[in-house]
Colleague: 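Right, I'll just put the structure down here and ask away after.
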Amino acid sequence: MTETDPSHPSDFIRDIIDDDMKAGRLRGPVATRFPPEPNGYPHIGHAKSICLNFGIAEQYGGTCNLRMDDTDPSGESMEYVKSIIRDVKWLGFDWQDRLFYASDYYEKLYRYALALIRKGKAYVCDLSPDEIRQYRGTLNEPGRESPYRNRTVEENLDLFERMRAGEFPDGSRVLRAKIDMGSPNVTMRDPIMYRIKKENHYRTGDAWCIYPMYDFAHCLSDYIEGITHSICTLEFENNRPLYDWFLDELVERPRPRQIEFARLNLSYTVMSKRKLLELVETGVVGGWDDPQMPTLSGMRRRGFTPEAIRKFCEKIGVSKNDSLIDMALLEDCVRDDLNEKALRVLAVLRPLRVVIDNYPEGQVEMFDCPYHPKNPDGGSRKVPFSRNLFIEREDFMEEPPKKFFRLSPGREVRLRYGYFIRCVGFEKNPATGEVAEIHCTYDPQTRSGFAPDGRKVDATIHWVSAPHAVPAEVRLYDRLFRVPDALSEPGEFKEYLNPKSLEVLRDCRLEPSLATAASEQRFQFERLGYFCRDAGNATEKAIVFNRTVTLRDTWAKIAGKGR
RNA sequence: UGGGGCGUCGUCAAGCGGUAAGACACAGGAAUUUGGAUCCUGCAUUCGGAGGUUCGAAUCCUCCCGCCCCAGCCA
């Protein structure tokens with residue numbers, strides 16, 4: 001294997017571009033585009049395409065446009081346009097002044113259609129939708145030619161102009177390309193170029209009642225923008241001959257070249273817009289930006305960083321293999337990025353009251369705690385310590401199993417950044433039998449975190465001072481789905497919804513510095529995982545933190561094995 | 001059953017005729033003021049299968065098998 005620059009990955013798409021450049025098929029710099037249809041919020045699958053298109057442009061010193069592929073008014077909206085703009089920006093890419101809309105090309109596209117009619121290569125067809133389907137044939141049988149196929153150029157011109165003028169009802173006529181009804185590629189059997197839809201378009205309003213189809217609009221939009229490489233997903237491979245056909249008939253060389261790659265599939269989630277929309281509309285989730293969603297806005301609220309997502313897109317590679325990528329890889333990228341960025345802070349999710357019996361009542365010490373112990377430049381903050389503390393409920397066990405290292409009666413542990421404490425007793429709630437409070441003594445000699453006599457401790461646990469701690473709500477998110485399999489039928493995927501995908505903890509206590517946490521700041525609540533303040537919850541009264549991803553938990557594995 | 005694609009470790013993925021990179025996952029171990037992070041170690045005699053060409057094949061040829069996409073006036 002030859003040396004490769006890791007920041008400039010090599011893949012089959014870049015091979016094609018390199019060939020084009022060597023062969024002199026490009027007149028100018030490489031130009032790509034990211035062309036979403038604004039009918040949903042962008043998700044992690046879009047991120048792959050965004051990183052690919054912008055990444056290639058950057059690598060080759062070219063450009064990448066952002067283009068709204070808005071050729072079908074139904075379902076498209078400005079809200080979606082805004083979400084796309086925001087999320088592409090958030091990912092860290094810049095299209096500069098090249099934000100385009102296919103809807104801006106409607107007039108040009110109309111004229112291209114006219115030109116095709118004049119060449120005798122397009123005709124107005126009066127067949128009903130049902131008849132068109134029947135005439136198209138099947139995968140095994142060729143189609144039949146439409147009885148309207150041989151209208152004169154004049155008649156076609158007249159009819160098409162009247163279609164535009166709104167003289168005919170929806171579905172009554174379409175403009176079709178005259179190609180080959182016998183083609184083994186169904187896409188080439190006189191494909192529809194324009195349909196009548198008297199529907200309001202979110203940008204052009206009622207200026208148009210005929211709208212171009214994807215196959216006709218996309219290749220020409222690429223051409224109009226001077227795109228050199230039009231990268232799309234695998235399912236468009238069948239459409240490539242048509243992409244080329246329109247360009248062959250209508251424009252000069254050089255023309256854009258379509259290249260297909262495999263779309264992203266992630267285990268434990270779904271990516272199809274139809275399914276995501278269903279989750280939103282049926283209220284299974286709180287919206288497109290719900291932290292359980294695989295959307296970029298959901299991941300942002302959950303605390304994923306754009307850097308982590310970009311890293312993920314780089315690591316999954318680009319190929320034509322149908323793939324199902326393990327969610328664990330995404331989570332690893334997030335943890336890997338957050339491990340460097342997250343500030344280490346003290347928090348208790350399920351509080352258990354601790355009284356340090358020999359610590360003076362009313363006394364408060366301020367401990368200086370580094371935000372990032374391994375990084376001396378990471379800064380620090382003061383954390384109050386007092387006689388009354390909270391520790392994590394799971395850090396105490398009345399009867400510890402073999403491999404449990406933390407607090408239990410008689411045992412000594414270290415408080416993170418603080419003293420050694422030894423459990424000398426505990427009280428139970430007589431009603432529930434639950435441990436209500438534990439009593440400890442501290443060793444004043446261990447302020448440094450070490451004992452002068454050199455004795456060791458098996459564990460270090462985290463804590464917060466009860467009178468100083470800030471109450472908070474913490475949301476623990478799990479995967480929305482339990483199975484990694486592709487889910488196909490409408491509604492069917494709901495049976496795979498994970499009922500425990502969200503756990504809300506309302507009685508959490510955080511160290512005081514977290515009261516003013518910024519939503520962009522990520523924290524590691526020590527052993528509990530990575531968290532961020534929820535920016536999407538402005539109306540919440542309590543301070544709300546979302547768990548981003550959980551840390552690897554060796555104890556859970558050990559404990560799991562024993563049972 | 002027509003056409004278009006794709007098949008290399010559990011999951012991704014390099015490899016492009018010279019004798020199977022890497023990542024995630026997984027399993028051990030070291031160290032540790034987070035059971036985190038870190039650090040070692042292990043993890044495809046084999047590339048969907050069968051033939052063939054060659055001194056030599058995951059890479060070339062032939063046949064077979066499996067999976068995905070296409071019959072929207074969606075993209």
Side-chain angles (χ1 to χ4, degrees), chain A residues 1 4 6 9-11 15 35-37 39 69-72 74-75 125 127-129 132-134 136-143 170-176 183-189 191-197 210-211 213-215 217-218 232-241 260 262 267 273-274 315-333 335-336 339-340 344 346 373-374 403-406 413-418 420 448-450 457-462 484 524-530 550-559:
Chain A
M1 193 177 152
T4 52
S10 159
D11 55 55
D15 289 345
E37 184 187 12
N39 64 349
D69 207 4
D70 53 0
T71 55
D72 179 1
S74 30
C125 179
L127 255 24
S128 71
I132 285 187
R133 192 180 328 117
Q134 283 163 13
R136 189 153 33 221
T138 69
L139 297 181
N140 301 311
E141 309 152 23
D170 287 13
S172 60
R173 286 180 225 263
V174 291
L175 182 70
R176 294 229 251 170
S183 173
N185 180 354
V186 185
T187 308
M188 299 298 274
R189 319 237 259 231
I192 291 167
M193 296 164 57
Y194 272 90
R195 73 286 212 181
I196 302 171
K197 266 195 181 188
I210 56 171
Y211 292 95
M213 299 287 289
Y214 165 86
D215 287 302
H218 203 91
C232 63
T233 45
L234 243 32
E235 66 269 26
F236 291 105
E237 266 179 323
N238 296 317
N239 303 49
R240 180 152 35 112
E260 311 86 7
S267 64
K273 266 184 204 165
R274 200 206 74 224
K315 288 178 89 165
I316 56 178
V318 181
S319 76
K320 299 186 76 156
N321 302 342
D322 286 318
S323 62
L324 180 63
I325 287 164
D326 195 332
M327 181 72 92
L329 182 59
L330 208 211
E331 292 172 340
D332 179 73
C333 289
R335 277 193 298 255
D336 190 55
N339 181 41
E340 289 183 16
R344 271 57 175 175
L346 299 172
K374 303 278 158 69
K403 293 259 195 167
F404 184 82
F405 300 144
R406 288 164 264 169
V413 299
R414 172 168 41 226
L415 292 177
R416 180 78 159 150
Y417 304 126
F420 281 15
S448 64
F450 294 94
V457 104
D458 283 335
T460 299
I461 65 172
H462 43 230
Q524 193 192 85
F525 291 0
E526 298 286 336
R527 234 185 55 251
L528 302 172
Y530 292 104
T550 167
L551 257 38
R552 291 196 181 79
D553 190 347
T554 310
W555 163 242
K557 277 186 203 166
I558 295 168

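Chain naming here is simple, since letters A, B, ... match the order of the sequence lines and numbering starts at 1 in each. Quick caveat, the model's predicted, so the values are computed rather than measured.
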Colleague: Checking contacts here: which listed nucleotide (B/A25, B/C70, B/C69) is nearest the side-chain heavy atoms of A/Asp332?
Modeller: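 Per side-chain heavy atoms of A/Asp332, the pick is B/A25.
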
Colleague: Between atom CG in A/Asn140 and atom P in B/G3, what is the gap in whole Å?
Modeller: 10 Å

Colleague: If you pin A/Lys374 and A/Ile316 to their nearest nucleotides in RNA chain B, which one's is more 5'?
Modeller: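 Closest to the 5' end, via its nearest nucleotide, is A/Ile316.
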
Colleague: Return the minimal non-hydrogen interatomic distance between A/Pro184 and A/Arg189, and the atom names on each side.
Modeller: CA-NH1, 4.2 Å

Colleague: Is a donor-acceptor contact shorter than 3.5 angstrom present between the side chain of A/Lys315 and the base of B/G22?
Modeller: no

Colleague: Tell me what A/Arg189 touches on the nucleic acid: a base, only sugar-phosphate, or nothing, going by heavy atoms under 4.0 Å.
Modeller: nothing

Colleague: Think A/Thr71 has a side-chain N or O under 4.0 angstrom from the OP1 or OP2 of B/C74?
Modeller: no

Colleague: Can you find a side chain N or O atom of A/Arg552 that sits less than 4.0 Å from OP1 or OP2 on B/A25?
Modeller: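 For B/A25, OP1/OP2 do have a side-chain N/O of A/Arg552 under 4.0 Å.
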
Colleague: Choose from B/A75, B/U34, B/G5 the nucleotide whose nearest atom is closest to any side-chain atom of A/Arg416.
Modeller: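 Ranking B/A75, B/U34, B/G5 by closest atom to the A/Arg416 side chain puts B/U34 first.
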
Colleague: Counting only Watson-Crick pairs (N1-N3 plus N6-O4 or O6-N4) and G-U wobbles (N1-O2, O6-N3), all under 3.5 Å, who is the partner of B/C60?
Modeller: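 B/C60 is paired with B/G52.
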
Colleague: Is the closest basic N to carboxylate O distance between A/Lys403 and A/Asp458 below 4.0 Å?
Modeller: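 The answer is no: the pair does not qualify as a salt bridge.
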
Colleague: Using a cut-off of strictly less than 4.0 Å, decide whether A/Ser128 has a side-chain nitrogen or oxygen near OP1 or OP2 of B/C73.
Modeller: no

Colleague: More 5' along RNA chain B: A/Arg335 or A/Asp553, using each one's nearest nucleotide?
Modeller: A/Arg335

Colleague: Roughly how many Å is it from CG in A/Leu127 to P in B/G72, rounded to a whole number?
Modeller: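 Rounded to whole Å, this separation is 14 Å.
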
Colleague: Choose from B/C70, B/U34, B/C73 the nucleotide whose nearest atom is closest to any side-chain atom of A/Thr187.
Modeller: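 It is B/C70.
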
Colleague: If pairing requires Watson-Crick or G-U wobble contacts with both distances under 3.5 Å, which nucleotide is the partner of B/G2?
Modeller: B/C70

Colleague: Report yes or no: is there a donor-acceptor pair, N or O only, under 3.5 Å between the side chain of A/Arg133 and the base of B/G72?
Modeller: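 Checked by distance alone, the answer is no.
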
Colleague: Return no unless some side-chain N or O of A/Arg195 is found under 4.0 Å from OP1 or OP2 of B/C74.
Modeller: yes

Colleague: Is the closest side-chain heavy-atom distance between A/Leu234 and A/Asp322 below 4.5 Å?
Modeller: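 Touching, per the 4.5 Å side-chain cut-off.
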
Colleague: Find out whether A/Pro191 and A/Met213 are in side-chain contact, i.e. whether some heavy atom of one side chain is under 4.5 Å from a heavy atom of the other.
Modeller: no

Colleague: Counting only side-chain N and O atoms of A/Arg136, is one of them less than 4.0 Å from OP1 or OP2 of B/C73?
Modeller: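 For B/C73, OP1 or OP2 has a side-chain N or O of A/Arg136 closer than 4.0 Å.
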
Colleague: OP1 or OP2 of B/A13 less than 4.0 angstrom from a side-chain nitrogen or oxygen of A/Ser319, does that happen here?
Modeller: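 For B/A13, OP1 or OP2 has a side-chain N or O of A/Ser319 closer than 4.0 Å.
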
Colleague: If only side-chain N and O atoms of A/Arg240 are considered, is one of them under 4.0 Å from the OP1 or OP2 phosphate oxygen of B/G4?
Modeller: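 Answer is no, no contact under 4.0 Å.
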
Colleague: Spell out yes or no: do the side chain of A/Asn238 and the base of B/G5 have one donor N/O and one acceptor N/O closer than 3.5 Å?
Modeller: no

Colleague: I'd like to check, for A/Tyr214, whether its ring lies over the base of B/A75 with centroids under 5.5 Å apart and a plane angle smaller than 30°.
Modeller: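 The base of B/A75 is not stacked with A/Tyr214 (the test needs centres under 5.5 Å and planes under 30°).
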
Colleague: Look at the side-chain N and O atoms of A/Lys197 and state whether any lies under 4.0 Å from the OP1 or OP2 oxygen of B/C74.
Modeller: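 It does, given that an N or O in the side chain of A/Lys197 lies less than 4.0 Å from OP1 or OP2 of B/C74.
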
Colleague: Between C1' on B/G5 and CD on A/Glu260, what's the gap in Å once rounded to a whole number?
Modeller: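 Taking CD of A/Glu260 and C1' of B/G5, I get 9 Å after rounding.
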
Colleague: Any chance CD of A/Glu235 has more than 12 other-residue heavy atoms, nucleotides or ligands included, within less than 6.0 Å?
Modeller: yes

Colleague: Are A/Arg173 and A/Tyr194 in a cation-pi setup, meaning NZ or CZ lies under 6.0 angstrom from the ring centre and within 45 degrees of the ring axis?
Modeller: no

Colleague: As a test of reading the structure: which of B/A75, B/G2, B/G10 is closest to the side chain of A/Asp326, going by heavy atoms?
Modeller: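 For A/Asp326, the side-chain atoms sit closest to B/G10.
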
Colleague: At less than 4.0 Å, is any side-chain N or O atom of A/Asn321 found next to OP1 or OP2 of B/A13? Yes or no.
Modeller: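 The answer is yes; a side-chain N or O of A/Asn321 sits under 4.0 Å from OP1 or OP2.
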
Colleague: With the side chain of A/Leu139 defined as its heavy atoms from C-beta on, choose the nearest nucleotide among B/C73, B/C6, B/G2.
Modeller: B/G2

